[in-house]
Amino acid sequence: MQSQDSRSDALRLAALHGASFAVIGVSMPFLPVWMESRALGPAAIGVLLAIPTVVRVLATAPLMRLADRPGGAFGLLVAGHGVTAVGYGLMLGAGDAVAIGALVALVALAQATIVPTGDLLTTEAVRANPGLNYGRLRVWGSLAFLATSLGGGVGLAVLPPDGILWSLVGLALLALAVAAWAARPLARGGGEAVPPAARLRLDLPRPLVLAILACALIQASHAAVYAFGSIHWRALGFSGPVIGGFWAIGVVAEIGLFVGLGGAVGGGARGLGLVALGGAAAVLRFGALALDPGLAATVLLQAMHALTFAATHLGAMAALTALSPPGRRGAAQGAYAAAVALAVALATVASGLIYRAAGPAAFAAMVPLALAGTALAFAAMRAGRGGRREDP
């Protein structure tokens, strides 16, 4: 039975994840629609959409080191949501691609640490209280993403394109209020006494480095389906509602796995088995998608998102929870987020070149990434065999 403090922490963490992903649920699918309404062409939109990835790769790891300082996690969340609201508000008055690009970069910088900081606070809470279930807290982010993306689609049908930005400003302000309420009590145990010079060295244990690389490669294997899945399915003759159903099935399956296996994050490095499971599933999923297997099989393969994404993510959080050194846990979260962003970016570029030349072979080209990630997951398990979960 959870104590009152544990229930309070669970409520705050669920609210943080929900508020953060509510913003992403509108920005990811609909910000390109707003850009198009400003008479920007496909090439300009492509460049603008690449900016956040570049910013995450360059900025996330250095900024997340601030989370290892007393009050750092609270500051990152409040500043991140506040600057996000300001950035989207200023976009309403931006008149050209250069101004929009500068503001996209500002928002990307503000948002770079929001999800990793939420994960850091959650894994720290799990370390302190193994009775908390990471997956059942993180699932509120997935639910919020699903709700706001569906709501955004409805709103887009009745509101002018600027309604997208007004929605983003409102959601960011809501997230700011949630962060101001929730994050400070959650960050009360942060900021271990580590000398400043030591904070500059990442010094992650070898099993954790292997785990981070494994997860980055497996998550990168999703790049082709993220970028070209809808385009290819439309070319095969699937209708818009069917394609939307493919994506919804993946999110629902992800939610189910978070609820069912979320406790693995508190189980120490044994959770790395989930990374290997996710990698093996990715080999099957993306290899089979390359064969254009038809409606029923595609539904099943999309449901495997529960394994390829969610199981891999839970395994990553288990490794970070168990293996991150004291005083460098924020830096470790930042290293993981930056590694995933870089791997996904490179895989997306490669999949674009392959898809242009060979169509669905781009999905099969992701299989070696998943295989390599699976092998690294087993290597991480071997390297960490016999290790213990650290005490908080």
Side-chain angles (χ1 to χ4, degrees), residues 16-17 19-36 38 40 43-67 72-73 75-94 96-120 141 144-145 148-149 152 164-176 179 216 219-220 222-223 226-227 330-331 333-349:
L16 275 178
H17 287 296
S20 297
F21 279 89
V23 179
I24 301 170
V26 174
S27 65
M28 184 179 291
F30 300 118
L31 193 59
V33 176
W34 175 81
M35 291 176 179
E36 187 178 45
R38 291 298 173 104
L40 298 176
I45 292 173
V47 171
L48 292 173
L49 295 179
I51 290 173
T53 300
V54 174
V55 171
R56 284 196 298 272
V57 170
L58 296 177
T60 304
L63 286 175
M64 281 302 296
R65 296 188 180 205
L66 298 174
L76 286 172
L77 284 171
V78 169
H81 289 304
V83 174
T84 295
V86 171
Y88 282 133
L90 291 174
M91 273 188 212
L92 287 162
D96 55 44
V98 173
I100 293 171
L103 291 168
V104 166
L106 175 66
V107 169
L109 186 65
Q111 292 182 321
T113 60
I114 288 174
V115 172
T117 301
D119 280 331
L120 173 64
F145 180 95
T148 55
S149 60
I164 295 168
L165 286 186
W166 283 114
S167 298
L168 287 169
V169 171
L171 288 170
L173 289 173
L174 175 62
L176 172 61
Q219 297 293 14
H222 294 74
Y226 285 164
Q333 284 280 353
Y336 168 68
V340 171
L342 177 60
V344 170
L346 294 175
T348 301
V349 172

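Below, each value reflects all heavy atoms present in this structure, side chains not excepted, and no hydrogens, waters or symmetry copies. The first residue in the sequence is number 1, and the count goes up from there.
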L40 to A97 - nearest heavy-atom pair and separation: CD2-CB, 3.8 Å

Side chains of V115 and F21, heavy atoms from C-beta outward: is any pair under 4.5 Å? yes

Output for pair (L106 CG, I51 CD1), nearest 0.5 Å, gives 11.5 Å

Which heavy atom in P32 sits nearest to a heavy atom in I45, and how many Å separate them? O-CD1, 4.1 Å

Of the non-hydrogen atoms in I114 and S20, which two are nearest, and what is the gap between them? CG2-OG, 3.3 Å

So, taking the atom named CG in L63 and the one named CG in L109, what distance separates them when rounded to the nearest 0.5 Å? 5.5 Å

Atom CG of L76 and atom OG1 of T117: how far apart are they, to the nearest 0.5 Å? 4.5 Å

For A85 and V169, the nearest pair of non-hydrogen atoms, with its separation, is O-CG2, 3.8 Å

Closest heavy-atom contact between R65 and A331? CG-CB, 3.8 Å

Which heavy atom of P116 sits nearest to which heavy atom of A337, and what is that distance? CG-CB, 3.7 Å

Check the pair V107 / Y88 against side-chain contact (heavy atoms from CB on, under 4.5 Å), numbers first and verdict last. CA-CA 7 Å; V107 169; Y88 282 133; 3.7 Å; yes

Say you draw a straight line from CG of L77 to CG of L176; how long is it, rounded to the nearest 0.5 Å? 10.0 Å

Verify side-chain contact (heavy atoms from CB on, under 4.5 Å) between V104 and M91, making sure each step is shown before the conclusion. CA-CA 8 Å; V104 166; M91 273 188 212; 3.8 Å; yes

Roughly how far, to the nearest 0.5 Å, is the CG atom of L342 from the CZ atom of R56? 11.5 Å

Carefully, step by step, assess Q219 and Y336 under the rule side-chain contact (heavy atoms from CB on, under 4.5 Å). CA-CA 11 Å; Q219 297 293 14; Y336 168 68; 4.2 Å; yes

Should F30 and L168 be marked as a side-chain contact (heavy atoms from CB on, under 4.5 Å) after you check the CA-CA gap, both sets of side-chain angles, and the distance that decides it? CA-CA 10 Å; F30 300 118; L168 287 169; over 6 Å; no

Check whether any side-chain N or O of R38 sits under 3.5 Å from a backbone N or O of A94 as a donor-acceptor pair, and report yes or no. yes

Between atom CD1 of I24 and atom CG of L171, what is the distance when rounded to the nearest 0.5 Å? 11.0 Å

